Amino acid sequence: MADDIDIGLGTQARETVTAGLSKLLADSYAVYLKTHGYHWNVEGPNFASLHTLFMDQYTEMWTTIDLVAERIRALRSFAPQGYRAFANLSGVQDGNPEQSSEAMLAELVGDHEALVANARAARVAADAAGDDVTASLLDDRIEAHEKHAWMLRASLGRR
Ligand SMILES: [Fe+2]
C-alpha cells in the first residue's frame, strides 16, 4: 500500500501492538481520572498526606499518558480519544467520591494491578512482534504503576 509505512514491522504486528497500547491508554486515563477525583474528595485524619499522594500519582500519570498515545500514532494507528472510547476499552470503573479513604485506596490498588496485568500482556505481544521500543515503554509504565500500587498499599498498612 503506497501510503503505508515501512519500518520493518508488518501491518498485523503494528495493529496487535497498538491494540495493547490503546487498552493501556484507556486504563491509564481511567485511573488518572479516578485518582484526581479522589485527590479532591478524600476525607479523614490522613487527608493532607493522601491529597498529596494522589496529586503526585495523577501528575505522573497525566504526563506519561501522552507518550502512550504518541507511540500509537508513530505506529500509524489513531489513538482512542474521549470518555466513551476509553470506557469501551477499559474495565476500570468510575470512583465513588463519598466512600472512605481506605475504600478509595483499596480500589486504586486493584485498578493499578489490573492495569499492570493488561500492560504485561501487551508487553508479551510487543516482544513477539519484535517491537522493542513499545516493549521498553511498557516496561516503564509497568514499573511506574507497580510503584503507585505499592505506595497505596503502604498507606493502607499493607505490604
Ligand atoms: Fe489540587
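These numbers come from a predicted model, not from an experiment.
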- Message: With side-chain contact (heavy atoms from CB on, under 4.5 Å) as the criterion, how do Ser155 and Asn46 come out once you've worked through the C-alpha distance, each side chain's angles and the decisive distance to 0.1 Å?
- Response: CA-CA 9 Å; Ser155 302; Asn46 297 323; over 6 Å; no
Carefully, step by step, assess Tyr38 and Gln57 under the rule side-chain hydrogen bond (donor to acceptor under 3.5 Å, both in side chains). CA-CA 11 Å; Tyr38 286 168; Gln57 294 194 344; over 6 Å; no
Q: Carefully, step by step, assess Thr11 and Asp4 under the rule side-chain hydrogen bond (donor to acceptor under 3.5 Å, both in side chains).
A: CA-CA 9 Å; Thr11 307; Asp4 204 354; 3.2 Å; yes
Original post:
Could you walk me through whether Arg153 and Arg159 pass the side-chain contact (heavy atoms from CB on, under 4.5 Å) check?
Top reply: CA-CA 6 Å; Arg153 282 196 310 273; Arg159 198 177 302 165; over 6 Å; no
Verdict with supporting geometry, Glu60 and Asp56, side-chain contact (heavy atoms from CB on, under 4.5 Å)
CA-CA 6 Å; Glu60 192 280 335; Asp56 289 346; over 6 Å; no
Q.
Applying side-chain contact (heavy atoms from CB on, under 4.5 Å) to Ile7 and Arg76, what does each step give before you reach the verdict?
A. CA-CA 11 Å; Ile7 56 171; Arg76 202 173 171 266; over 6 Å; no
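Heavy atoms of other residues, nucleotides or ligands lying less than 6.0 angstrom from CG of Asp94 number 12 at most.
Screening Asp140, Leu138, Leu24 for a side chain to side chain contact (heavy atoms under 4.5 Å, CB included) with Val68, the sole residue that qualifies is Leu24. Between Tyr32 and the options Phe54, Phe86, Trp62, a ring-ring contact (aromatic ring centres under 6.0 Å, His included) holds for only Trp62.
Put simply, the side chain of Leu75 reaches to within 4.5 Å of the side chain of Thr134, judged on heavy atoms. Using a 4.5 Å cut-off on side-chain heavy atoms (C-beta onward), Ser100 and Glu43 make no contact. For the pair Ile5/Arg14, a side-chain contact is recorded, criterion being any heavy-atom separation below 4.5 Å from C-beta on.
Across every non-hydrogen atom of Ile72 and Pro80, the tightest pair is CD1-CD, 4.2 Å. Minimum heavy-atom separation, Asp27 to Ser90: OD1-OG, 2.6 Å. Smallest separation of non-hydrogen atoms from Thr18 and Glu15: OG1-O, 3.2 Å. Closest non-hydrogen pair, Leu89 versus Lys23, comes out as O-NZ, 2.8 Å. Nearest heavy-atom pair across Ala125 and Val17 is O-CG2, 4.4 Å. Taking every heavy atom of both residues into account, Leu50 and Ser101 meet most closely at CD1-CB, 3.7 Å.
We find that Arg141 and Glu146 are not joined by a salt bridge, their nearest charged nitrogen and carboxylate oxygen being 4.0 Å or further apart. The pair Glu107-Lys34 counts as a salt bridge, with a side-chain nitrogen and a carboxylate oxygen less than 4.0 angstrom apart. With respect to Asp131 and Arg123, no salt bridge is recorded, no charged nitrogen being found less than 4.0 Å from a carboxylate O.
Clustering ILVMFWY residues whenever any of their side-chain heavy atoms sit less than 4.5 angstrom apart, transitively, puts Phe78 in a cluster other than the one holding Leu9. Residues Trp150 and Leu156 are members of one and the same hydrophobic cluster, defined by side-chain heavy-atom contacts under 4.5 angstrom among Ile, Leu, Val, Met, Phe, Trp and Tyr. Hydrophobic clustering places Phe47 together with Met104 (ILVMFWY residues linked when any side-chain heavy atoms are closer than 4.5 Å, directly or through intermediates). Following chains of ILVMFWY side-chain contacts shorter than 4.5 Å, one cannot reach Val133 starting from Leu137, and the two form parts of different hydrophobic clusters.
Note: Leu105 CG to Gln99 CD = 9.5 Å, rounded to the nearest 0.5 Å. Once rounded to the nearest 0.5 Å, the distance linking CZ of Arg120 with CG of Leu115 reads 11.0 Å. Atom NE2 of His148 and atom CG of Asp111 lie 12.5 Å apart (nearest 0.5 Å). Arg71 CZ to Ser77 OG: the interatomic distance, rounded to the nearest 0.5 Å, is 11.0 Å.
Note on ring orientation: taking the six-membered ring where Trp is involved, the planes of His145 and His112 are tilted (angle from 30° to 60°). Note: Tyr29 and Tyr83 have perpendicular aromatic rings, judged against thresholds of 30 and 60 degrees for the angle between ring planes.
Looking at Thr52, its side chain does come within 3.5 Å of a backbone N or O of Ala48 through a donor-acceptor pair.
Between His36 and Tyr58, the ring center distance clears the sub-6.0 Å criterion.
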